[in-house]
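Take this structure first; my questions come after.
We're numbering straight along the sequence, starting at 1. In listed order, ligands and their atoms are each counted from 1.
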Amino acid sequence: MAVDVYRNEPFMDFTQPDIREKMLSALKKVEAELGREYPLVIGGEKITTADKSTSINPSNKDQVIGVVSKADQDLAEQAMQSALATFEWWQDVEPKERARILLKAAAIMRRRKYEFSAWLVYEAGKNWAEADADTAEAIDFMEFYAREMVRLSEDQNLTRIAGEDNELVYLPLGVGIVIPPWNFPLAIMVGMTTAAIVAGNTVVLKPATPTPVIAAKFVELLEEAGLPGGVVNFCNGSGSVIGDYLVDHPKTRFISFTGSKEVGIRIYERAAKVQKGQIWLKRVVAEMGGKDALVVDKGVNALEAAQAIVTSAFGFSGQKCSAASRAIVHAEIYDEVVNHVAELTRKLTVGPSHIEGVNLGPVVDESAYNSILKYIEIGKGEGRLLAGGGKAEGNGFFIQPTVIADVDRNARIAQEEIFGPVLAIIKAEDFDDALAIANGTEFGLTGGVFSNDRFNLKKAREKFHVGNLYFNRKITGALVGVQPFGGFNMSGTDSKAGGYDYLLQFTQAKCVVERF
Ligand SMILES: NC(=O)c1ccc[n+]([C@@H]2O[C@H](COP(=O)([O-])OP(=O)(O)OC[C@H]3O[C@@H](n4cnc5c(N)ncnc54)[C@H](O)[C@@H]3O)[C@@H](O)[C@H]2O)c1
Ligand SMILES: N[C@@H](CCC=O)C(=O)O
């Protein structure tokens, strides 16, 4: 198979009139398609159920994005049986053939890029740039994992010894349950699903509750790309009803999960229990939350550091596992950085995400909205409110970007993942103290340091305990193939999505030795 070297999908520049026009017309096209019904897809068969979930626009609570059929445990069982039967032959399909389907799916998505971004704007509340980055990352995952599967299917490098032929092959595992989050409802869902299937597994895909339509759109695209029925079984449904059922199922071989610490732990514990008739230990890939910090050392440009803090804290309204929810600032530069952060934050605009140029769209749903507002109230008692501090105007789940300074390192807003536009600023005595504060949570996902001191950067390189560490820049926006992504401690299993080791987690390696 002749493919070009892997390159990241470029981001769109919406200041260009032709690009802006394409986005506007995609938004119009998608708006005309809102409210449609989407079936489950099991074994290639489209199944409409009486019980359905209704997805709404977080920017406008009265607008229905789509209505998606909902599986009960009987249908989840049907999805499992379909995945099991399909695995019998899908595992033998040439890796190159499986990879070709991903490349074709990537090509189709690239052609319909603006349309997919428009769905993200409406269903997840992403602004244009965030939606474009999500779609670009989805394309990247397919391009990258396709090439990776071809590489893994080639002869592997073993030490050769005389008189024997030794070979290592990577085999698929079996049926996997793919459970993605809503915050990268396209990129992460696509990456988790396609990594599993290109490696020769079949899956039951249970989309996140707030964003089933974008997942249904991707399942349609896979069919268009020629993916046979039964490889991906689209099984929308409630986590507690079908999630537990599928995780517990004795035929489940692996679970690929991305989401909160609480659900991740639940899945990890349940998957560890060997069920009657189960003949393997289930593999769990679990990527979870974060309480990510950007450390600012003395002697840096305070404005540049503040800009990186604000971008990292408030991109997609802080609803990124990588978002900076803590800024830890050296006492010598504290006041300067705090003032810049407050000033920059007050300039951010909040509004419906389909409006061009809006900085922060809504948060995803009512329960996120209530939980974040509760944390803001807690935060007001834990520090000095500098910006925001409550709800914002509109018929959606809008919250003002909120900055709270002088927060104690052990305060709740400095320890618990809020997953919204709330930044806690903490003063550190010196650089060592800043690192200790940064490491002082149960998480370890992303982190950053602004410093001009090479000794301190080296110290952070060695001692800042996170899976993705950034120096002198923002701490969000890891690129596929460039910055493999995953966290330490309660941030998960450090699977490094978009990295050269990722596919191995969906395979088992077999070594075959022939004496000549
Ligand atoms: N580390 C990462 O790479 C990464 C990436 C994105 C998001 N996240 C984290 O995800 C969280 C936000 O996403 P979320 O709100 O969708 O998380 P969540 O844990 O609420 O839900 C994640 C998925 O789990 C499903 N689920 C819920 N209960 C279940 C059960 N009992 N059994 C099986 N599945 C169940 C949900 O329906 C959803 O599909 C944040 O904590 C964020 O930090 C982490
Ligand atoms: N990979 C994304 C975060 C994914 C979680 O939300 C980033 O690097 O910003």
Nearest neighbour in protein (non-hydrogen) for atom 12 (C) of ligand 1: F419 CE2, 3.6 Å

Derivation of the side chain to side chain donor-acceptor pair (under 3.5 Å) call for N472 and Y470: CA-CA 7 Å; N472 298 323; Y470 301 87; over 6 Å; no

V274 backbone acceptor or donor facing K282 side chain under 3.5 Å: no

Ligand 1 N/O within reach of P181 N/O, cut-off under 3.5 Å: no

Separation between OH of Y145 and CG of D140, rounded to the nearest 0.5 Å: 10.5 Å

Side-chain donor-acceptor pair present, E77, Q73, cut-off under 3.5 Å: no

Part of L246 within contact of ligand 1 (heavy atoms, under 4.0 Å): neither

Proximity to ligand 1 by part of V263, non-hydrogen separation under 4.0 Å: side chain

Atom 39 (O) of ligand 1: nearest protein contact (heavy atom, Å): P180 O, 2.8 Å

Atom 25 (C) of ligand 1 [closest protein heavy-atom partner, distance rounded to 0.1 Å]: I179 CG2, 3.4 Å

Protein heavy-atom partner closest to atom 9 (C) of ligand 1 - residue, atom, separation in Å: G259 O, 3.2 Å

Minimum-distance protein heavy atom relative to atom 6 (C) of ligand 1: N183 OD1, 3.2 Å

Closest approach of any protein heavy atom to atom 30 (C) of ligand 1, naming residue and atom: G239 O, 3.3 Å

Aromatic plane relationship, H465 with F488 - under 30° parallel, 30 to 60° tilted, over 60° perpendicular: tilted

D244 N/O to ligand 1 N/O under 3.5 Å: yes

Those atoms of ligand 1 less than 4.0 Å from some heavy atom in L445: 1 (N)

Which segment of F184 sits under 4.0 Å of ligand 1 when only heavy atoms are counted: neither

Residue pairs, two or more places apart or on separate chains, that pass salt bridge (Lys or Arg N to Asp or Glu O under 4.0 Å) and touch residues 468-488: none

Close aromatic pair by centroid cut-off 6.0 Å: F144 and Y500: yes

Sidechain N-carboxylate O distance under 4.0 Å for K113, E9: yes

Atoms of ligand 1 close to I188 [distance to a heavy atom under 4.0 angstrom, numbered from 1]: 5 (C), 6 (C)

Audit row: E220, K217, salt bridge (Lys or Arg N to Asp or Glu O under 4.0 Å) steps and yes/no: CA-CA 5 Å; E220 285 174 5; K217 286 276 156 199; 3.6 Å; yes

Nearest protein heavy atom with distance in Å, relative to atom 14 (P) of ligand 1: W182 NE1, 3.3 Å

Under-4.0 Å salt bridge between R266 and E262: no

Pairs where residues 252-281 contributes a residue and the test ring pair (Phe, Tyr, Trp, His ring centres under 6.0 Å) is met, not counting sequence neighbours: F254-F506

Residue pair S53 / N236, side-chain donor-acceptor N/O under 3.5 Å: yes

N or O pair under 3.5 Å between K320 and ligand 1: no

Where ligand 1 meets T209 - atom numbers and elements under 4.0 angstrom, heavy-atom basis: 37 (O)

E417, portion touching ligand 1 at heavy-atom distance under 4.0 Å: side chain

Mutual orientation of the aromatic rings belonging to Y122 and H354 [parallel < 30°, tilted 30-60°, perpendicular > 60°]: parallel

Contacts of type ring pair (Phe, Tyr, Trp, His ring centres under 6.0 Å), residue F398, not counting sequence neighbours: none

Exercise: do S495 and T493 side chains pair donor with acceptor under 3.5 Å: no

Aromatic plane relationship, Y245 with H249 - under 30° parallel, 30 to 60° tilted, over 60° perpendicular: perpendicular

Pick out the protein N or O atoms lying less than 3.5 Å from any N or O of ligand 2, and list each pair with its distance.
residue: ligand 2; atom: 6 (O); partner: N183; partner atom: ND2; Å: 2.8
residue: ligand 2; atom: 6 (O); partner: C321; partner atom: N; Å: 2.8
residue: ligand 2; atom: 8 (O); partner: G477; partner atom: N; Å: 3.2
residue: ligand 2; atom: 8 (O); partner: A478; partner atom: N; Å: 2.8
residue: ligand 2; atom: 9 (O); partner: S322; partner atom: OG; Å: 2.7
residue: ligand 2; atom: 9 (O); partner: G477; partner atom: N; Å: 2.7

R266 contact mode with ligand 1 (heavy-atom cut-off under 4.0 Å): side chain

Polar atom proximity, S260 to ligand 1 (N or O, under 3.5 Å): yes

Per-atom contact, atom 21 (O) of ligand 1, protein heavy atoms, under 4.0 angstrom: no

Proximal ligand 1 atoms for F257, defined as those under 4.0 Å from one of its heavy atoms: 19 (O), 22 (C), 23 (C), 24 (O)

Candidates K291, E416, M490, E417 - the one meeting side-chain contact (heavy atoms from CB on, under 4.5 Å) with K261: M490

Ligand-side contact atoms (ligand 1) for residue partner A208, heavy atom cut-off under 4.0 Å: 38 (C), 39 (O)

Identity and distance of the protein heavy atom lying nearest atom 37 (O) of ligand 1: K206 NZ, 2.8 Å

